[in-house]
Amino acid sequence: MDSASDEHADLAARQAQIVAALTGLTSVPAGFDARHLDVARRALLRKRANELQFVWPILIASLGPRLHPLFAEFARERPTRGSRADGHAFAQWLRRRGDLPLAANLELAEARLFWTFPTDTSGMPTAPVRRTSRVAVERFPGGMLVRRGRRVTTLGRPSER
C-alpha cells in the first residue's frame with residue numbers, strides 16, 4: 001500500500017507542476033515539450049478571456065482587438081476565480097492603468113450595485129457575493145448610479161475624465 005500512495009503522491013505533484021506551468025506560475029517541468037505547453041497555456045488564456053463576454057459584454061466589446069493582449073498581461077500570474085470575479089479584477093486593473101473605456105466603467109459601476117467583490121488575505125479576488133441591501137450607490141467618471149430596489153438611476157453625465 002505504501003508504494004501505491006507514493007505513486008499517487010508523485011502523480012499529484014506532477015499534475016500540480018503541469019497546472020502551475022499552464023497558468024504561467026512556474027517553468028515547464030522536465031520531460032515536457034515547452035512549445036506544446038505554451039500553445040496549451042495560450043489557448044487556456046484565450047478561452048478564459050472569451051468566457052468574460054457572458055458576464056461582462058460591454059467590457060469585452062469596448063476593448064475589441066486589444067482584449068486578448070491586455071488579458072494575457074493581466075492574467076499572467078492570476079489564477080481564475082470565475083468569470084464574474086475575473087472580469088471585475090480585470091476591469092479594476094484596466095482602471096488603475098487608465099485603460100478602462102467609459103462604457104466599461106459604467107458596466108463596472110452597475111455590477112457593483114448588485115454584487116460585492118471580496119478578496120482573500122493575499123488580495124486575490126474570491127467568489128462575488130450578491131448584495132442583499134435594497135439601496136446602493138456607485139461612482140463612475142462624471143457621476144454616479146443609485147439603486148433602489150431593482151431601479152437604477154443615473155446622476156450626472158458620463159465623461160472620459
Side-chain angles (χ1 to χ4, degrees), residues 8-131 136 138-145 147 152 154 158-161:
H8 286 121
D10 184 48
L11 177 62
R14 285 185 288 152
Q15 287 173 336
Q17 288 175 336
I18 292 169
V19 169
L22 284 171
T23 57
L25 299 177
T26 63
S27 59
V28 177
F32 286 90
D33 184 333
R35 197 169 27 98
H36 288 133
L37 206 61
D38 187 54
V39 168
R41 183 188 59 75
R42 284 184 287 135
L44 288 172
L45 267 178
R46 191 168 196 82
K47 178 181 179 194
R48 186 174 158 196
N50 288 339
E51 286 175 353
L52 296 179
Q53 70 184 333
F54 300 108
V55 183
W56 299 93
I58 296 170
L59 170 64
I60 301 314
S62 65
L63 291 174
R66 298 179 340 145
L67 168 66
H68 292 290
L70 284 170
F71 190 80
E73 184 181 344
F74 158 79
R76 186 173 296 133
E77 295 182 10
R78 291 176 177 89
T80 185
R81 299 290 195 240
S83 296
R84 192 173 307 275
D86 273 358
H88 180 264
F90 182 43
Q92 293 289 89
W93 181 80
L94 288 168
R95 179 187 274 171
R96 284 190 299 275
R97 290 172 46 121
D99 281 338
L100 188 63
L102 178 60
N105 249 308
L106 290 167
E107 183 179 45
L108 176 62
E110 184 180 18
R112 292 175 67 135
L113 288 175
F114 294 93
W115 296 88
T116 60
F117 296 89
T119 57
D120 62 19
T121 55
S122 69
M124 292 298 290
T126 60
V129 178
R130 186 168 274 294
R131 285 187 185 262
E138 283 296 326
R139 295 190 178 280
F140 61 84
M144 67 177 67
L145 296 177
R147 177 175 70 95
V152 176
T154 305
S159 65
E160 292 279 355
R161 291 197 263 151

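Model, not experiment: these values are computed from the prediction. Hydrogens, waters and symmetry mates play no part in the numbers below; they use all other heavy atoms, side chains included. Nothing fancy with the numbering, it's 1 onward along the sequence.
The minimum heavy-atom distance linking T154 with F140 is given by the pair CG2-CZ, 3.8 Å. Nearest heavy-atom pair across S62 and P101 is OG-CG, 3.4 Å. Residues G87 and L52 approach most closely at N-CD2, 3.6 Å, considering heavy atoms. Closest approach of V55 and S83 over heavy atoms only: CG2-CB, 4.0 Å. Looking at every heavy atom in both residues, P158 comes nearest to L106 through CG-CD1, 4.0 Å. Across W56 and A111, no two heavy atoms sit closer than the pair CH2-CB, 3.5 Å.
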- Task: Please assess D38 against R41 for the test salt bridge (Lys or Arg N to Asp or Glu O under 4.0 Å), listing each intermediate value before the final yes or no.
- Result: CA-CA 5 Å; D38 187 54; R41 183 188 59 75; 2.6 Å; yes
- Message: Checking L100 against L59 for the side-chain contact (heavy atoms from CB on, under 4.5 Å) test, could you report, in this order, the C-alpha distance in whole Å, the side-chain angles of both residues, the deciding distance, and whether it holds?
- Response: CA-CA 8 Å; L100 188 63; L59 170 64; 3.7 Å; yes
- Please walk me through it: do R112 and H88 pass side-chain contact (heavy atoms from CB on, under 4.5 Å)? CA-CA 9 Å; R112 292 175 67 135; H88 180 264; 3.3 Å; yes
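Taking CG of N105 as the reference point, atom CD of E110 lies at 13.0 Å (rounded to 0.5 Å). A distance of 7.5 Å separates CZ of R66 from CG of L94, quoted to the nearest 0.5 Å. With values rounded to the nearest 0.5 angstrom, E73 atom CD is found 4.0 Å from W93 atom CH2. Taking CZ of F90 as the reference point, atom CG of L108 lies at 12.0 Å (rounded to 0.5 Å).
A heavy-atom distance below 4.5 Å is not found between the side chains of E51 and T80. The side-chain heavy atoms of L113 and R131, taken from C-beta on, include no pair separated by under 4.5 Å. Taking 4.5 Å as the limit, some side-chain heavy atom of P29 sits within range of a side-chain heavy atom of L37. Considering only heavy atoms from C-beta on, I60 stays 4.5 Å or farther from F71 through its side chain.
A donor-acceptor contact shorter than 3.5 Å is absent between the side chain of R84 and the backbone of F117. One N or O on the side chain of T116 and one on the backbone of V129 form a donor-acceptor pair closer than 3.5 Å. With hydrogens and angles disregarded, a donor-acceptor distance shorter than 3.5 Å links the side chain of E107 to the backbone of I58.
When the options L45, N50, L63 are evaluated for a side-chain contact (heavy atoms from CB on, under 4.5 Å) with H68, the one that passes is N50.
D120 and T126 share no donor-acceptor pair across their side chains, judged by distance under 3.5 Å alone.
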